[in-house]
**Q** 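Below you will find the structure I want to go over with you.
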Amino acid sequence: MHACVSEQRGIMIHDIAITSMEVIAPKTPESKGVRFKDLNDFFDIDNHHICDVVHSESKSRDSKIIGKHTAMLLSATGAVFKDSFLDHYEPHDIGIFTALGMFDYDVSDLLPAVNKSIKDGHLDYTLFFKKGFREIYPLWPLTMLNNIAMCQCAIRLGIKGDNGVFSPHSDSSLNAIYEGWMSVVEGRSRVAIAGAVSEIISPLCLVRYLLCNTKASRVGDTSNIPSYALSEGVVAFCLENICNAQERGISALCVINGFGASFGFDEINGGATTDAITTSMRLALEDANLKPNDINLIFTHDDTQTHDGHNEDRAIKTVFGNSSVTTICTKPFVGDMLSCAGAFDVSLGIRILLGQTTNIVATSKPIKHILINAMSVEGNVTSLIIGRGK
Amino acid sequence: MIPHHKSRKRVVITGYGMITCLGANAQETFTNCKAGRSGIDYIKSFDTSSLPCNIGGEVKEDWLDKSIVGKSLKYLSRGALLLIHATKEAYTMAGLDSVKDRYRIGVSVGNHGDNPKIKDMLHLHRFYNTRDKWDLAQMEKSGGYNYLNFFKRKPDITSTICADVFDIRGHNMISVSACAAGAQAIGEAYKAILDDRADVFVAGGSESVTDFFGYLGFISLKALAERYTSPQTASRPFDRKRNGFVMSEGAGVVILEEYHHALSRGTKIYGELMGYGASADAYRITDMHPKGLGAIIAMKKAIKDAGITIDDIDYINAHGTSTLQNDMTETLAIKEVFGERAREIPISSNKSMLGHAIAAAGAIECVLTLMGINDSTILPTINYEFPDPKCDLFYVPNNAIKKSHKIALSNSFGFGGQNACLCIGAERDNDT
C-alpha cells in the first residue's frame, strides 16, 4: 500500500490521518425512522447553521456572489482550518480539494432581466441585452462556476497549495478525499483540506431530481418510486501525516487505509454495474492490504434511484461472500446529499470508529475497518476504507 | 540527455487528439498554427447582433462525426461530442484496443457541461407555482420537458460517455476548475499513474460555451475583446492593444501511459509528462494576484516535480489570454521564476490563433506544445504588433520559429485563482 508508493516516489510515508472534521447537515442519523412520501420533500440547511459566514461576508465586496453553496463550504472548511491550527503552516503547503454539486442559477438573479426583455409574449434577445441585462449583477456569472466556492475558501483561509475541484455526484466527494490524501502522501501538501458540499436545493435542482426520478413512471404519480428526499449538507476534513499530527499534539480521528475506483454503466437499469462496484471494492481492499474479513461495516451507496442497490448487493456478496459484514445506508435517515453523500458517510464512519454513536449499527463486534461506497448515476464508482486512528 | 527523477515511475504520452476552430484533428490544427493562421471568425451558430462581441472560434459542424457516439447521443452535450471526437483520434493513435485490462485505463477530463438555455428557463419556470412546488402534471399536459436536457448540463457526462464509448472501466474523474480544468485533469491523471492507480489515462479537456448565455456571462465580467478591426486580429496576447479574450470551443486529449506499460505494448512514445504543479492565488475572486504569486508557485512546483531546474526549460506555452491583466501578470511571474533567463526563453500563446476554449485550453495547449517539441517548431503569438512595455519578453511574434527544444512548460490559470502548470518533455532514451 502506501509503503510501495513511498519507495517508488522516494518520500518518507506514514499513515495519513483525518485529524479534524466538520459536518453540517439538517438531519442526523439518530433521528431514525424518517421516511419520505412525496418527492417534493427535502431537507435544507437552515441559515443559522452558517450564520457566522453569512454575517461576516455580508460586508465583503464578494457578498453578492457568496451563495449558500459557498457559505456552506466556507463554514465547514473554516472550522476545520481553525480546529487543526492550520495557520501554523505555510500557505503553499496547504492543499484543498473539494467536491461540489451542480450549480444552478438563482431565478431571482435573472427574472428581472427576463421580465424586461419580453416582447409580444416572447423573449427578445436584443431587448435582453440592451435593457434586461442591466438588471443582472455584473459578477453574477461567477456564481455559475463550480470552482469559485473553492477559490473563496482559498482566499478566506489563505491557502495557496495543491488543489482540485470535482463534480457533481457522490463519487466526487470520495475523489476529493482521495486527492487530498494522495497530495499529502506524495509530499505535494503537508496538510490538506478535503471538503464536499451537496447540491443546493433550488427549484431547478428539485425539478431535475423529480423528472429524472419519474422518467419511468407516469408523470405526476411518484407513489411507486422508492426514492429518498434530497438533502443539503457539507462536510470537511483535515488530512495530514499521522506523525506530523502527533508532533503537533493532535490526535487522529481515523486513518485512511485504501481507495478504489472504477466505471461501468448498467445500460439496462442505469447506475453502476455489479462488475464495476466489485472492482472498486476489491481495489480498495488491495490498496489497504486488507482481506474482506477485515471489513466490519460497509456504508452502501444505494440511492434506489437506479438499480444501484441490487447491483451493489450482488457486488458485496461477490467480494465478501457469506461473511457477516454489516451494511448500512444513511440515505433513509439523512436524505440524499448527492455530491456530499460519500463524505457524509465517511464522517459517520469516523464517529462509529470513535464510539461516538451507538444506535446506528447493531453489532457486538468491535469495528476496526469501514468501507464506504459512493457512485454516480452514470456508473462511476469509488470506494474508500478508513480505520481506527493509532 | 534530459534530466529527470530517476527514482520514480515515468508517465509518457502515447497518443493525442484535438478538435479546434483551426482543424478537425491535431495535425490540421498544428499545421495551421504553424502557419500563423487564426481560427477566429464572426459567430454563426447564434444571433450575436445584440451583443458587443460577435466573434469566436467555432468548430465546423461537418467535422463532427456523431456516429461514434451511437445510442448515447441523446445525452450528449456539444462539449462531450468534441471530447469524444478528440479521444477517438488519440485512442486510435495509441492503439488502446490492445490494452486487455480495461479497469487499468482511466478517464480524467476538464469540462463544465452545457450552459442553460434562456428559452428552456422560460419554458420550465411556467410550471413552478406559487406554493414553491413544481406542477409536473401541468408540464406534461403542455408537452413536457425532456429530462435529458439536464444531463447535458452535467459536467461528468463528458467523462462517463467517453468511458462508455471506448470501453474504459478505470478511475473516472471530472475537473471543474474553470480555465485551469484541462491542465488539472491531465495533472490528476498523471498523479494517478504515478500512484499505480492505472496504467493508462485518457486525459484532457473539452468545452463548448460559445452560446448566448456564455457570451452574456463573460461580457458581464468584461473579459471579452470588444474592440477589434477584424475577428482574426482580436486575440492579441501580450500586444499593447489587447483588450480581452476571444471565446472558442474545442477539445484536446492526451493518452498518458506508464513508461514500462507503453514499452511492453510496443507502442510509439511521443513524449513525456515530466511534472505537474497546482496552486491557488488566494487573492481576489475577480483578479489575479498582482505579482502572479499563484502562477509562480505552480511553475516552481512543476519544475521541482519534474526533477529539473529552470535552466532546463526551453520554451513556455503561456496561458496568454489577451486580457490586460493576465498577460502582464504572467510576464511578471515568468520573470520571477526564471530571473535573467526569462528573456532568453521563447514564450508564446496559442490563444492568439485559437481563442480561449476555457476547460479545453490547457489540454489543447499541452498537445500543441508536444507537437512543437517533436517538430522542432515553436508556435507563434500572432497579432503581436505593438509592444507593451509591461510585457517585455520574447513572445515569438507572428511567425513560428524552427528550433530544437526538449522541455517546455504549459501554463493554465483559472478564474477565481486556480493555477496549473504542466512540464512536458521530448521522448528520451530508454534510460530507466
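Proteins come first, then strands; the chains are lettered A, B, ... in the order of their sequence lines, and each starts at number 1. Treat the numbers as computed from the prediction; the structure is a model and nothing was measured.
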**Q** Specify which of E267(A), H122(A), H92(A), M144(A) makes the most heavy-atom pairs with chain B at under 4.5 Å.
**A** E267(A)
**Q** Looking at side-chain heavy atoms only, is the closest gap between V200(B) and E258(B) below 4.5 Å?
**A** no
**Q** Has H289(B) got a side-chain atom pairing as donor or acceptor with K291(B)'s backbone, closer than 3.5 angstrom?
**A** yes
**Q** Please classify the contact of Y178(A) with chain B as side chain, backbone, both or neither, using a heavy-atom distance under 4.5 Å.
**A** side chain
**Q** Considering only heavy atoms and a distance below 4.5 Å, find which of D47(B), I297(B), N419(B) pairs most often with chain A.
**A** I297(B)
**Q** Need one label for Y276(B): side chain, backbone, both or neither, based on atoms under 4.5 Å from any heavy atom in chain A.
**A** both
**Q** Looking at V114(A), L145(A), L142(A), L283(A), which one has more heavy-atom pairs under 4.5 Å with chain B than the rest?
**A** L142(A)
**Q** Using non-hydrogen atoms and a 4.5 Å limit, figure out which bit of R153(B) sits close to chain A: side chain, backbone, both or neither.
**A** both
**Q** Between Q138(B), K301(B), R102(B), which shows the greatest number of heavy-atom pairs under 4.5 Å with chain A?
**A** K301(B)
**Q** Check whether the side chains of H169(A) and K154(B) place a donor and an acceptor atom closer than 3.5 Å, and report yes or no.
**A** yes
**Q** Under a 4.5 Å heavy-atom cutoff, which of Y137(A), F265(A), F128(A) has the most pairs with chain B?
**A** F128(A)
**Q** Against chain A, label L221(B) side chain, backbone, both or neither, depending on which of its atoms sit under 4.5 Å from a heavy atom there.
**A** both
**Q** Please report whether the ring centroid of F46(B) lies less than 6.0 Å from that of F213(B).
**A** no
**Q** Report which part of Y103(B) has an atom under 4.5 Å of a heavy atom belonging to chain A: side chain, backbone, both, or neither.
**A** side chain
**Q** Which residue out of C153(A), A261(A), G164(A), A276(A) racks up the most heavy-atom pairs below 4.5 Å with chain B?
**A** A261(A)
**Q** Under a 4.5 Å cut-off applied to non-hydrogen side-chain atoms, are V107(B) and M173(B) in contact?
**A** no
**Q** Decide yes or no for R197(B) and R104(B): does some side-chain heavy atom of the first lie under 4.5 Å from some side-chain heavy atom of the second?
**A** no
**Q** Give, as side chain, backbone, both or neither, the part of I159(A) having an atom under 4.5 angstrom from any heavy atom of chain B.
**A** backbone
**Q** Under 4.5 Å heavy-atom distance to chain B, tell me which part of T279(A) shows up: side chain, backbone, both or neither.
**A** side chain
**Q** Side chain, backbone, both or neither: which part of L157(A) has an atom under 4.5 Å from a heavy atom of chain B?
**A** neither
**Q** Checking D281(B) against chain A: side chain, backbone, both or neither under 4.5 Å from a heavy atom?
**A** backbone
**Q** Which one of L127(A), L123(A), I96(A) has the most heavy-atom pairs closer than 4.5 Å to chain B?
**A** L123(A)
**Q** Under 3.5 Å, is there a donor-acceptor pair linking the side chains of Q184(B) and S177(B)?
**A** yes
**Q** Side chain from CB out, backbone as N, CA, C, O: work out which of these in L100(A) comes under 4.5 Å of a heavy atom of chain B, or both, or neither.
**A** neither
**Q** Is it true that D93(A) and K160(A) make a salt bridge, defined as a side-chain N closer than 4.0 Å to a carboxylate O?
**A** no
**Q** Less than 3.5 Å apart, any donor N or O on the side chain of S189(A) or S183(A) sitting next to an acceptor on the other?
**A** yes
**Q** Name the member of G260(A), A154(A), S262(A), S172(A) that forms the most heavy-atom pairs with chain B at distances under 4.5 Å.
**A** S262(A)
**Q** Picking from P116(B), G217(B), A280(B), which has the most non-hydrogen pairs under 4.5 angstrom with chain A?
**A** A280(B)
**Q** Relative to chain A, which of G294(B), A180(B), A178(B) shows the most heavy atom pairs under 4.5 Å?
**A** A178(B)
**Q** Is a donor on one side and an acceptor on the other found under 3.5 Å between the side chain of N111(B) and the backbone of T158(B)?
**A** no
**Q** Does the plane of the ring in F259(A) sit parallel, tilted or perpendicular to the ring in H171(B)? Use 30° and 60° as the thresholds.
**A** tilted
**Q** Ignoring hydrogens and geometry, is there a side-chain-to-backbone donor-acceptor pair from N147(A) to V165(A) under 3.5 Å?
**A** no
**Q** Among D156(B), V176(B), V202(B), I174(B), which residue satisfies the side chain to side chain contact (heavy atoms under 4.5 Å, CB included) criterion with V109(B)?
**A** I174(B)
**Q** Strictly distance-based, threshold 3.5 Å: is any side-chain N or O of E207(B) a donor or acceptor partner for the main-chain N or O of A359(B)?
**A** yes
**Q** Of the backbone (N, CA, C, O) and the side chain (C-beta and beyond), which part of Q418(B) lies under 4.5 Å from a heavy atom of chain A, both, or neither?
**A** both
**Q** Could you have a look at L293(B), I285(B), T286(B), N172(B) and say which one has the most heavy-atom pairs with chain A under 4.5 angstrom?
**A** I285(B)
**Q** Among the options N115(B), L51(B), L216(B), pick out the one with the most heavy-atom pairs lying under 4.5 Å from chain A.
**A** L216(B)
**Q** Can you tell me which portion of K222(B) sits under 4.5 Å from chain A's heavy atoms? Options are side chain, backbone, both or neither.
**A** neither
**Q** Compare all side-chain heavy atoms of S339(A) with those of V197(A) and state whether any distance is below 4.5 angstrom.
**A** no
**Q** Between N163(A) and chain B, which part of the residue has a heavy atom less than 4.5 Å away: side chain, backbone, both or neither?
**A** both
